[in-house]
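Just so it is clear, the structure is predicted and the values come from calculations on it, not from any experiment.
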Amino acid sequence: MSRPIQYLSAHPSAMLLGAQLLQVLAWPFLGGSTVGGAFLGVIGMLAVGSAVLAVRRTPHVSRVVFFLGAPTIVFTLLEAVFPTTDPIVLVSGLLHAPFYFYVSYAMLRYLFHDDKVTTDEYFATGAAFTVVAWGFAYLFAAVQVVWPQSFSNAGGFEHSWFELLYLSFSVLTSVGLSDLVAVGVQARSVVMVEMMTGVFYIAMVVSRMVGLTILRQR
């Protein structure tokens, strides 16, 4: 047991990426219940916060993560208990989105702080990508409350957070495989921003990591 724990402590981005992917796989089985949804949400928030504090041990980042993360965890629990209460869903989305976007910013700082590529930075490349997808999913949830009927598919206009996360991943990766589409003007504008974010991420972050890896091998 000591060896896996030591590995995770040395590679916090791997822990973050694993927690995010575990949430995706477990959500269909636990997301439908109040306790399961709250458990997944809080564990995911704690994993993100701990990973950021581990990779960027600066007072500034610590304060921002704490002041954004603490109320976000509270609304994660409230949203799990009251998933259809629009004011709670709206506030939760408006708290989660900036929190996850700031986490992605902190991880990008970590990736760009030098010209050396470490094992943890490979994990951080994937983890930062999933964090951005999480942020836009919560932004979609807030848009859906403020402007109803913003997203549509064969099932109608009201969609769960997991469905919006599926849309977020399909947009960010540019695969376009989601059956959910943005039909409202405001929703389409946010989707277009995520499209550009996904393109820039591949062009700037992934290409840089590939280039540094090739230089290291040479």
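- S178 contributes atom OG, which lies 7.5 Å from atom CG of N153 (distance to the nearest 0.5 angstrom).
- Shortest non-hydrogen contact noted between V191 and V171 is O-CG1, 3.7 Å.
- With a 4.5 Å cut-off on side-chain heavy atoms, F140 and V190 count as touching.
- Checked against the 6.0 Å centroid criterion, the rings of W161 and Y138 qualify as a close aromatic pair.
- For the pair V181/F151, no side-chain contact is recorded, criterion being any heavy-atom separation below 4.5 Å from C-beta on.
- Both V74 and L95 belong to a single network of hydrophobic side chains, linked directly or stepwise wherever heavy atoms of I, L, V, M, F, W or Y lie under 4.5 Å apart.
- Residues V193 and F136 come closest through the heavy atom pair CG1-CZ, 4.1 Å.
- The two residues E79 and S92 come nearest to each other via the heavy atoms OE1-OG, 2.6 Å.
- Using a 3.5 Å distance cut-off with no hydrogens or angles, the side chains of T76 and H96 do pair a donor with an acceptor.
- Side-chain contact between F82 and V89 is absent, with no heavy-atom pair separated by less than 4.5 Å.
- Proximity of F129 to V132: side-chain heavy atoms (C-beta onward) are nowhere separated by under 4.5 Å.
- Taking OG of S104 as the reference point, atom CZ of R109 lies at 12.5 Å (rounded to 0.5 Å).
- In this structure, F162 and P28 have side chains that are in contact, with non-hydrogen atoms separated by less than 4.5 Å.
- For the atom pair OG (S160) and CD (Q144), the distance works out to 8.5 Å, reported to the nearest 0.5 Å.
- Between the side chains of Y166 and D179, no donor-acceptor pair of N or O atoms lies under 3.5 Å.
- A distance-only check finds no donor-acceptor pair linking the side chain of T85 to the backbone of P87 [under 3.5 Å].
- Side chains of Q149 and V183 form no contact here, defined as non-hydrogen atoms less than 4.5 Å apart.
- One finds the CD atom of Q186 at 5.0 Å from the CH2 atom of W147 (value rounded to the nearest 0.5 Å).
- Residues L22 and M15 do not share a hydrophobic cluster, defined by chaining ILVMFWY side chains whose heavy atoms lie under 4.5 Å apart.
- When the side chains of ILVMFWY residues are joined at heavy-atom separations under 4.5 Å, either directly or via intervening members, M195 and V143 end up in a single hydrophobic cluster.
- Here the straight-line distance linking atom CG of L77 with atom CD1 of I88 works out to 11.0 Å at 0.5 Å rounding.
- Nearest heavy-atom pair, A133 versus E194, reported as atom, atom and distance to 0.1 Å: CA-OE2, 4.3 Å.
- Counted by atom type alone, S13 and E121 present zero donor-acceptor pairs between their side chains at under 3.5 Å.
- Residues A142 and L94 share a closest heavy-atom pair of CB-CD2, 4.1 Å.
- Between I73 atom CD1 and L68 atom CG the span is 11.5 Å, to the nearest 0.5 Å.
- At a threshold of 4.5 Å between non-hydrogen side-chain atoms, the residues L108 and Y201 count as touching.
- Residues F101 and F112 are members of one and the same hydrophobic cluster, defined by side-chain heavy-atom contacts under 4.5 angstrom among Ile, Leu, Val, Met, Phe, Trp and Tyr.
- In this structure a side-chain-to-backbone donor-acceptor pair under 3.5 Å is missing from R188 to S150.
- F157 and L165 fall into different hydrophobic clusters, defined by Ile, Leu, Val, Met, Phe, Trp and Tyr side-chain heavy atoms under 4.5 Å apart, directly or through other members.
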Requested in this report: Assess whether side-chain contact (heavy atoms from CB on, under 4.5 Å) is satisfied between T130 and L16, documenting all intermediate values.
Outcome: CA-CA 9 Å; T130 61; L16 169 59; 5.6 Å; no
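- What you find for G135 and A97 is that their closest heavy atoms are O-CB, 3.7 Å.
- A 4.5 Å side-chain heavy-atom check between W134 and F169 finds at least one atom pair inside the cut-off.
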